[in-house]
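Note that these values count all heavy atoms, side chains included, but never hydrogens, waters or copies made by symmetry. Owing to the predicted nature of the structure, the values given are computational and were not obtained by experimental measurement.
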2 protein chains.
Amino acid sequence: MNVSALEEYGLRCAVTLAALKPDEMLSAPEIAEREGLSVEYVSKFMLHLKKAGLVTTVRGVNGGFALAKPAAEISLKEVFEALGGKRRVSDEDFCNAFAGKSDNCVHQSGCSIRPFWKILSLYIEAFTSEMTLQDMLNPERDTIVKTEKIALKNIQTMKEQLS
Amino acid sequence: MNVSALEEYGLRCAVTLAALKPDEMLSAPEIAEREGLSVEYVSKFMLHLKKAGLVTTVRGVNGGFALAKPAAEISLKEVFEALGGKRRVSDEDFCNAFAGKSDNCVHQSGCSIRPFWKILSLYIEAFTSEMTLQDMLNPERDTIVKTEKIALKNIQTMKEQLS
DNA sequence: CTAAATCAATACTTTTTTGTATGGATTTAA
DNA sequence: TTAAATCCATACAAAAAAGTATTGATTTAG
């Protein structure tokens with residue numbers, strides 16, 4: 001399980017915006033400076049976030065980027081989806097991304113691997129859809145408490161699917 | 001969060017071996033046939049698994065691959081580690097794989113993203129170290145039951161490690 | 001009106017991952 | 001002893017991801 005550069009850097013920049021005061025903006029050069037990235041690279045994934053409707057932009061002098069919604073209303077899942085990627089565990093069509101030589105995965109029925117990824121992705125989905133950009137600004141122990149709640153709820157969900 | 005081709009295909013082939021009767025072997029062409037992959041490609045990651053000590057090999061006519069240990073004693077974590085990858089969430093040095101322009105990540109202290117990945121990777125670690133190749137052969141409901149136990153235990157671990 | 005600061009879009013280069021090809025070494029069987 | 005079947009190792013090619021460069025459009029300040 002790998003984290004892509006876009007996921008990591010894109011999330012970082014989103015969190016940076018989440019820390020702004022209302023009506024403040026940050027320009028690409030400012031974000032790049034804070035995160036130790038190139039301006040061009042920052043512009044690249046900010047564009048993804050913009051197209052997904054997660055950030056608003058203002059061009060020209062004094063322009064920049066800001067979150068389009070309150071940080072507490074933007075889940076990490078939304079951020080990751082905005083940033084793309086081809087073989088994400090959470091994708092519905094995940095299996096056929098690994099079809100080998102044929103058009104579709106050879107394990108059309110009775111696949112033993114699929115349930116494994118399914119369970120793992122279910123957890124990741126649950127976790128990333130409940131964690132918000134706001135959570136990333138809160139103290140770590142709050143995150144742990146929240147994580148515990150998510151995990152318990154997730155166990156419940158799994159049980160229901162089982163019966 | 002992406003799954004690499006080596007992880008996916010390598011795991012599949014390992015599971016295929018796990019399903020063999022004792023003293024049976026499968027050759028690379030046989031595995032390739034079953035999984036719909038090229039013989040060369042299969043050989044490639046079987047070599048990784050061999051070097052990690054997870055499979056034994058016999059050369060020559062009637063040779064092939066078999067698991068080096070009982071399937072119940074090989075965790076998915078071991079399999080994934082054998083197959084490599086560069087930006088795995090579970091890696092200790094994960095952060096510095098995303099250092100941007102500098103040698104080390106700019107967020108040396110007070111990073112808000114790190115705890116997030118840490119928690120997620122803790123779960124993945126717990127899950128993949130307890131799930132074995134044998135589990136992949138068992139019915140899905142068994143897996144779910146096992147998953148629940150792992151999750152509960154993991155919540156406990158998180159509480160201890162992170163507070 | 002003009003210049004500077006900014007986002008927007010896309011093309012390009014480099015690096016990594018994915019997947020194939022090739023030549024060799026080992027074993028078995030005839 | 002030779003041929004076929006197999007693993008072993010590495011080199012190569014193609015595709016994707018990561019990261020840079022360039023050109024253009026928009027806004028604001030002076």
Side-chain angles (χ1 to χ4, degrees), chain A residues 1-13 17 24-33 35-66 68 80 83-88 97-102, chain B residues 1-13 17 24-33 35-66 68 80 83-88 97-102:
Chain A
M1 310 231 60
N2 313 298
V3 175
S4 76
L6 284 183
E7 283 175 331
E8 168 71 14
Y9 295 136
L11 177 57
R12 275 191 209 170
C13 294
L17 293 182
E24 266 188 325
M25 298 199 109
L26 276 183
S27 69
E30 286 167 326
I31 297 173
E33 162 79 25
E35 297 297 328
L37 301 169
S38 78
V39 176
E40 296 83 2
Y41 199 20
V42 166
S43 305
K44 183 174 186 170
F45 42 78
M46 291 315 282
L47 190 62
H48 285 277
L49 295 177
K50 187 217 157 100
K51 285 188 172 166
L54 300 181
V55 307
T56 51
T57 60
V58 173
R59 295 218 264 201
V61 180
N62 300 324
F65 301 88
F80 292 145
L83 294 165
K86 216 176 152 247
R87 282 170 164 180
R88 308 209 0 267
F98 293 105
K101 291 157 83 172
S102 40
Chain B
M1 308 231 59
N2 312 299
V3 175
S4 77
L6 284 183
E7 283 176 331
E8 168 71 13
Y9 295 137
L11 178 56
R12 275 191 208 169
C13 294
L17 293 183
E24 266 188 325
M25 299 200 107
L26 277 183
S27 69
E30 286 168 326
I31 298 173
E33 163 78 25
E35 297 297 329
L37 301 169
S38 77
V39 176
E40 297 82 1
Y41 200 20
V42 166
S43 305
K44 183 173 186 169
F45 42 77
M46 290 316 282
L47 190 61
H48 284 278
L49 295 177
K50 185 214 158 104
K51 284 187 174 167
L54 299 181
V55 307
T56 51
T57 61
V58 173
R59 295 217 264 201
V61 180
N62 300 324
F65 301 88
F80 293 146
L83 294 164
K86 215 179 153 245
R87 281 170 164 181
R88 309 210 0 269
F98 292 106
K101 292 158 81 171
S102 40

message = B:E8 vs B:R12, test: salt bridge (charged side-chain N to carboxylate O under 4.0 Å, His left out). Steps then yes/no.
response = CA-CA 6 Å; B:E8 168 71 13; B:R12 275 191 208 169; 2.8 Å; yes
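- Rounded to 10 degrees, the angle between the two end axes of the helix from C:dC1-D:dG30 to C:dA30-D:dT1 is 0°, with five pairs used at each end.
- C:dT6 atom C1' lies 17 Å from atom CD of A:E33, rounded to whole Å.
- Looking only at side-chain heavy atoms (C-beta outward), B:L83 and B:L49 come within less than 4.5 Å of each other.
- At a non-hydrogen distance threshold of 4.0 Å, B:R59, B:G60, B:V61, B:N62 from residues 57-64 of chain B come into contact with DNA chain C.
- Atom CZ in B:F65 sits about 9 Å away from atom C1' in D:dT6, given to the nearest Å.
- Nearest-nucleotide mapping onto DNA chain D: of B:A28 and A:L6, the residue sitting toward the 5' end is B:A28.
- Looking at every heavy atom in both residues, B:G53 comes nearest to B:A68 through O-CB, 3.4 Å.
- For the pair A:L17 and A:V55, the tightest heavy-atom approach, listed with the atom from each and the gap, is CD1-CG1, 3.8 Å.
- Rounded to the nearest 0.5 Å, atoms CE (B:M46) and CD1 (B:I31) are 4.0 Å apart.
- Here the closest non-hydrogen pair linking B:S27 and B:G63 is CB-O, 4.1 Å.
- B:F65 has its side chain out of reach of B:V42: every pair of non-hydrogen atoms, C-beta onward, lies at least 4.5 Å apart.
- Between A:M1 and B:N2 the shortest side-chain heavy-atom distance does not fall below 4.5 Å.
- The separation between A:L26 atom CG and C:dT6 atom C1' is 13 Å, rounded to whole Å.
- Using cut-offs of 30° and 60° for the angle between ring planes, the A:F45 and A:Y9 rings count as parallel.
- Of all heavy-atom pairs spanning B:C13 and B:E35, the tightest one is SG-CG, 4.3 Å.
- Within residues 40-53 of chain B, the residues having any heavy atom under 4.0 Å from DNA chain C are, by residue number, B:E40, B:Y41, B:K44.
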